[in-house]
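Step one of this worksheet: look at the structure below.
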Amino acid sequence: MENTTIGVALCGSFCTFSAVFSALRALKETYPNLIPIASPAVCTVDSRFGSAEENLNTIEEICSHRVLTSLSEVEPIGPKKLLDLLLIAPCTGNTLAKLANGIADTPVTLAAKSHLRNNRPIVLAVSTNDALGAGAQNIGKLLARKNIYFVPFGQDDPHGKPCSMVADLSYLLPTIQQALLGQQLQPILLRGE
């Protein structure tokens, strides 16, 4: 595990950042080699959940590595086989759609495309208000793809936001461990309250 390098790509579901940061701190105890990657939203959007600068600083502090923020910085991931696994957490509906349809126009999606050329695993931690709406088809496409694994997820507010789903990050470590063995942690869908 000490020799395993995990790419950690963050997208702009800012309301989940606190939980993601906690999960990454715990992950680093088992897998100390974390390479952070940020979407354009993470790099530029200031929100009530922190400024872009604060969030980038936190990511770098957790990972002990400079955040990769450009297409040219992530492109070598595949050719140089830099990662054993790529984690996208949080993985927004926008990123799910791009991955499902082969669009690689951000550092996160290009990192995924570059990484997949090596038949190595990608773990997605879904966070989207549209998972049971238009986003469902993208989740379905990705469930059928080789080397794509999901952190188990469920509805986070079935009555207030009936289409919204979010990954349960308490399952992050076992999901990664199973993905490194080529297996999907089960069950993928968690029961709501």
Side-chain angles (χ1 to χ4, degrees), residues 6-27 34 36-42 45 47 49 55 59 83 85-113 115-116 120-180 182-193:
I6 296 178
V8 176
L10 288 91
C11 301
S13 180
F14 302 107
C15 61
T16 65
F17 272 24
S18 177
V20 168
F21 292 160
S22 293
L24 293 179
R25 285 186 176 95
L27 180 66
L34 302 179
I37 301 161
S39 74
V42 174
V45 175
S47 74
F49 303 102
N55 289 326
I59 296 163
L83 306 175
L85 179 141
L86 175 63
L87 166 66
I88 304 177
C91 186
T92 60
N94 189 52
T95 297
L96 287 167
K98 289 182 178 196
L99 293 172
N101 291 289
I103 299 169
D105 63 349
T106 70
V108 172
T109 56
L110 183 59
K113 177 184 175 186
H115 178 69
L116 281 173
R120 293 181 178 177
I122 293 180
V123 170
L124 306 178
V126 171
S127 179
T128 175
N129 288 325
D130 199 30
L132 295 176
Q137 64 182 336
N138 298 319
I139 291 171
K141 284 181 182 180
L142 291 167
L143 284 168
R145 295 253 177 94
K146 183 178 176 186
N147 296 315
I148 303 286
Y149 304 91
F150 284 82
V151 176
F153 58 95
Q155 288 178 280
D156 54 312
D157 184 1
H159 301 290
K161 301 185 299 180
C163 291
S164 180
M165 297 188 91
V166 66
D168 183 336
L169 295 175
S170 67
Y171 292 99
L172 181 60
L173 183 58
T175 301
I176 287 172
Q177 291 170 331
Q178 289 298 299
L180 286 166
Q183 300 173 2
Q184 171 63 57
L185 184 68
Q186 295 291 341
I188 297 173
L189 294 179
L190 302 174
R191 294 184 64 175
E193 298 180 26

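Predicted model only: the values in this text are computed from it and were never measured. The first residue in the sequence is number 1, and the count goes up from there.
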Handout entry: Heavy atoms of other groups near Tyr171 OH, more than 12 under 6.0 Å
Key = no
Completion exercise
Result for side-chain contact (heavy atoms from CB on, under 4.5 Å) between Val166 and one of Val151, Thr16, Asn129, Val126 points to Thr16
Exercise for the section: Go through Leu24 and Leu87 one step at a time and tell me if the side chain to side chain contact (heavy atoms under 4.5 Å, CB included) criterion holds. Expected result: CA-CA 10 Å; Leu24 293 179; Leu87 166 66; 4.0 Å; yes
Exercise for the section: Let me see the working for Thr95 and Lys98 under side chain to side chain contact (heavy atoms under 4.5 Å, CB included), right down to the final yes or no. Expected result: CA-CA 5 Å; Thr95 297; Lys98 289 182 178 196; 5.6 Å; no
Handout entry: Test item: side-chain donor near acceptor, Ser164 and Asp156, under 3.5 Å
Key = yes
Practice task
Could you verify whether a donor N or O on one side chain and an acceptor N or O on the other, from Ser170 and Asp168, lie under 3.5 Å apart?
Solution key: yes
What is the minimum heavy-atom distance between [X] and [Y], and which atoms define it?
X      : Y      : answer
Pro90  : Val20  : CD-CG2, 3.8 Å
Ser13  : Ser127 : OG-OG, 2.7 Å
His115 : Leu86  : NE2-N, 3.6 Å
Ala89  : Ala125 : CB-CB, 3.6 Å
Leu10  : Val108 : O-CG2, 3.8 Å
Leu99  : Ala112 : CD2-CB, 3.6 Å

Calculate, to the nearest 0.5 Å, the distance between atoms [atom1] and [atom2] belonging to [X] and [Y] respectively.
X      : Y      : atom1 : atom2 : value
Met165 : Asp157 : CE    : CG    : 12.5 Å
Leu173 : Leu27  : CG    : CG    : 6.5 Å
Leu85  : Thr175 : CG    : OG1   : 10.0 Å
Leu132 : Gln155 : CG    : CD    : 5.5 Å
Tyr149 : Ile122 : OH    : CD1   : 10.5 Å
Leu96  : Cys11  : CG    : SG    : 8.5 Å

Problem - Criterion side chain to side chain contact (heavy atoms under 4.5 Å, CB included) on Asn101 and Lys141, from CA distance to verdict - result: CA-CA 9 Å; Asn101 291 289; Lys141 284 181 182 180; 2.8 Å; yes
If you define the side chain from C-beta out and look only at heavy atoms, does anything of [X] sit under 4.5 Å from [Y]?
X      : Y      : result
Leu142 : Phe150 : yes
Phe153 : Leu189 : yes
Thr109 : Ile103 : no

Practice task
Before giving the answer on side chain to side chain contact (heavy atoms under 4.5 Å, CB included), spell out for Cys15 and Phe49 the whole-Å C-alpha distance, their side-chain angles and the decisive distance to 0.1 Å.
Solution key: CA-CA 6 Å; Cys15 61; Phe49 303 102; 3.6 Å; yes
